[in-house]
Structures are given as structure tokens and as C-alpha cells.
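Presented below is the structure to which this report refers.
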Amino acid sequence: MITIDNVNAARQCLSRAQRVAVLTGAGVSAESGIPTFRDALTGLWARFDPMKLASEDGFRADPPLVWRWYAWRRELVAKALPNAAHYALASAQLRFAAFDVITQNVDGLHALAGSASIELHGSIVRTTCLARCGFVENDPQLLPPGEPPRCPQCGDWLRPGVVWFGEMLEVAMLQHAERIASECDVMLVVGTSGLVYPAAALPALAMRHGAKVVVVNPSESELDQSATVIVRGTAAMEVPRLFE
Ligand code: NAD
């Protein structure tokens, strides 16, 4: 049975757990001022198709457009600070035998708050080479905002170090996340629409292995169907309450 709007039921699940896995999405950073994927697409960039902004084909079709979109997002991320949800998750690590944060976010805010998160979709501050020659630049300050630069090693385009639509996740990282999901007692799912796979399959995997699934989201999501408890509220409001 699913319990909705019940912080106490969610707390009860967590109080009995030894191993907690957390899956986060763009919603956990919304209150840090970083638009969710959908919000970003309804704002300044509304007239562009996400496939054009977040896929290799889109990048190849118009490298400056995609480069500028990521430069805009990098600026937002550079100004953002972790919010109460990121901090609550970082301090909860100490209270459980295992507490693993798996994120789809590329903003680095879990790390800034003190969680050693698994970044399934890479990092927006990292820049890599489209030809995968091995070049990596970790300092966004060294990147030009307008035209995408060429790789100093092989001459192909440089690209954001994130996983685009249609690309594979790093196999060892995904297997690690799947192992965490299948071994946890509770999976806490915060701020994700559950539309992007394979991350969206992790709550159902956890549930199949006997875990309880707690979803925190102000709106309905695809993952509600895998939930044991749904807390309808925002991450920065509700996540700290779960660990009080
Ligand atoms: P999404 O935009 O598809 O969904 C965001 C979810 O967050 C929605 O379900 C929404 O109801 C919920 N939400 C909105 N405000 C919230 C709040 N204050 N508290 C809690 N929940 C809130 O994002 P997604 O599910 O992460 O998937 C989209 C993809 O876009 C991912 O691959 C991710 O890597 C990428 N992305 C990352 C960032 C980031 O790093 N911050 C931002 C945008 C998109």
C-alpha cells in the first residue's frame, strides 16, 4: 500500500534501515537556483528541442548553440550553493551502516555539501573530447563561452563531460549503483521525474530486492508507482524533516 504525504511513515522506514540508498535528480537542486531540465527548457531555451541541446547529433549539427547552452548552465551552477536537502543527506551519512547517494545531477552540489556521490551522468564542470581521445579539462574558467574550442590533443571538438541522450553510462559505475540499489533497505528518491533510464530503473530494482522506496517530489512522477511512501513537498523542506 502506498502512503502519501506521510513524513512519519517515511521516518519510520528510515529508522529501521541500516543500508540507505538515495537517488536524486534535478529537483534536489531546484531550491539552489538551478532549473530542472523541464524548467530550463521552458525558459530562455524554450524554443530548442532537448535532443538538440543534449545529444551528440545535436552538438554535431550546431556546436556553438550547444556550447552556449552549457556555458549558460555552467554559470548558473558556479553561482549555486547546496541547499538544506544536500546538507541533510551529507550529515545523514554518519547515522547508517551504509548511506550512498546516486545522482543524475551534473552540478556537483552533493560533493560541495560533503556527500561522496556517484555522478551517473557526469559533471558539467568537466570538459572532454568528442572523439574520446582522453583529454579532460576540469577548470571551466579556461573555456571560451562562445565558440566550442578544439581538443589540444587530437583537434576534434571539446564537449561537456556529461552523459547525453543516447549515450551509455560508464558500465562499472552503473553496476556499482545497481549493487547499491539491490542491497539497500530503503531507497530515498528525491526530485526526479523518473523519465531518464537506466537511473529510473533503480527504485524498482531496490523494491524487487525487498527495499522500501520513499519518494520526495512536489509533483506526481513516474516513480510514484514504485513508492512505499510518497512525500509531496520540496526537497529542501522535506528531506531535512526525514532525518530530524
Ligand atoms: P527532470 O527535470 O526531468 O525532473 C525534475 C523533477 O524534480 C520533477 O519530477 C519535478 O516535479 C521535481 N521537482 C521540481 N522542483 C522540486 C523541488 N524543489 N524539490 C523536489 N523535487 C522537485 O530532472 P531529472 O529527473 O533529474 O532528469 C533529467 C536529466 O537532466 C537528468 O539526466 C539530469 O542529469 C539532467 N539535469 C541535471 C541538472 C542538475 O545537475 N542540477 C539540472 C537539470 C537537468
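Since the model is a prediction, treat every value here as computed from it, not as a measurement. Counting starts at 1 for both ligands and their atoms, following the listed order. Each residue takes its place number in the sequence, starting with 1.
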Exercise for the section: Take every heavy atom of Ala200, measure it against each atom of ligand 1, and state whether any distance is under 4.0 Å. Expected result: no
Handout entry: Val106 touching ligand 1 at heavy-atom level, < 4.0 angstrom
Key = yes
Exercise for the section: With heavy atoms under 4.0 Å as the rule, classify the contact between Thr234 and ligand 1 as side chain, backbone, both or neither. Expected result: both
Handout entry: Residue portion contacting ligand 1 (non-hydrogen atoms closer than 4.0 Å) for Ala236
Key = neither
Please identify which atoms of ligand 1 are closer than 4.0 Å to at least one heavy atom of [X].
{"X": "Ile34", "answer": "41 (N)"}
{"X": "Gly191", "answer": "5 (C), 6 (C), 7 (O), 20 (C), 21 (N)"}
{"X": "Glu31", "answer": "17 (C), 18 (N), 19 (N)"}
{"X": "Ala30", "answer": "15 (N), 18 (N)"}
{"X": "Gly25", "answer": "26 (O)"}
{"X": "Ser219", "answer": "11 (O)"}
{"X": "Pro35", "answer": "42 (C), 43 (C)"}

On a heavy-atom basis, I'd like to know which of [options] is closest to [atom].
{"atom": "atom 37 (C) of ligand 1", "options": "Glu220, Arg232, Arg73", "answer": "Arg73"}
{"atom": "atom 21 (N) of ligand 1", "options": "Gly233, Pro218, Ala235", "answer": "Pro218"}
{"atom": "atom 39 (C) of ligand 1", "options": "Leu109, Asp107, Val231, Val239", "answer": "Asp107"}
{"atom": "atom 9 (O) of ligand 1", "options": "Asn105, Val162, Asn217", "answer": "Asn217"}

Say whether [X], considering both its backbone and side-chain N or O atoms, lies within less than 3.5 Å of an N or O atom on ligand 1.
{"X": "Ser193", "answer": "yes"}
{"X": "Ala26", "answer": "yes"}
{"X": "Gly27", "answer": "yes"}

Handout entry: Parallel, tilted or perpendicular, as decided by the 30° and 60° cut-offs, for the rings of His86 and His110
Key = perpendicular
Nearest atoms (heavy-atom pairs only) where [X] meets [Y]:
{"X": "Glu238", "Y": "Val216", "value": "CB-CG1, 3.9 Å"}
{"X": "Glu137", "Y": "Asp139", "value": "OE2-N, 2.9 Å"}
{"X": "Ala227", "Y": "Val215", "value": "CB-CG2, 3.7 Å"}
{"X": "Gly194", "Y": "Glu222", "value": "O-CB, 3.6 Å"}

Exercise for the section: Ignoring hydrogens and angles, tell me if any N or O in the side chain of Thr228 forms a donor-acceptor pair with the backbone of Val213 under 3.5 Å. Expected result: yes
Practice task
May I ask you to decide if Ser117's main-chain N or O and Ser115's side chain share a donor-acceptor pair within less than 3.5 Å?
Solution key: no
Completion exercise
Separation between CZ (Phe243) and CZ (Phe99), nearest 0.5 Å, reads 4.0 Å
Problem - Residue pairs involving residues 77-104 (criterion salt bridge (Lys or Arg N to Asp or Glu O under 4.0 Å); sequence neighbours excluded) - result: none
Handout entry: Test: Arg150 cationic atom under 6.0 Å from Trp67 six-membered ring centre, within 45° of axis
Key = no
Problem - Carboxylate-amine/guanidinium contact Arg232 Asp224, below 4.0 Å - result: yes
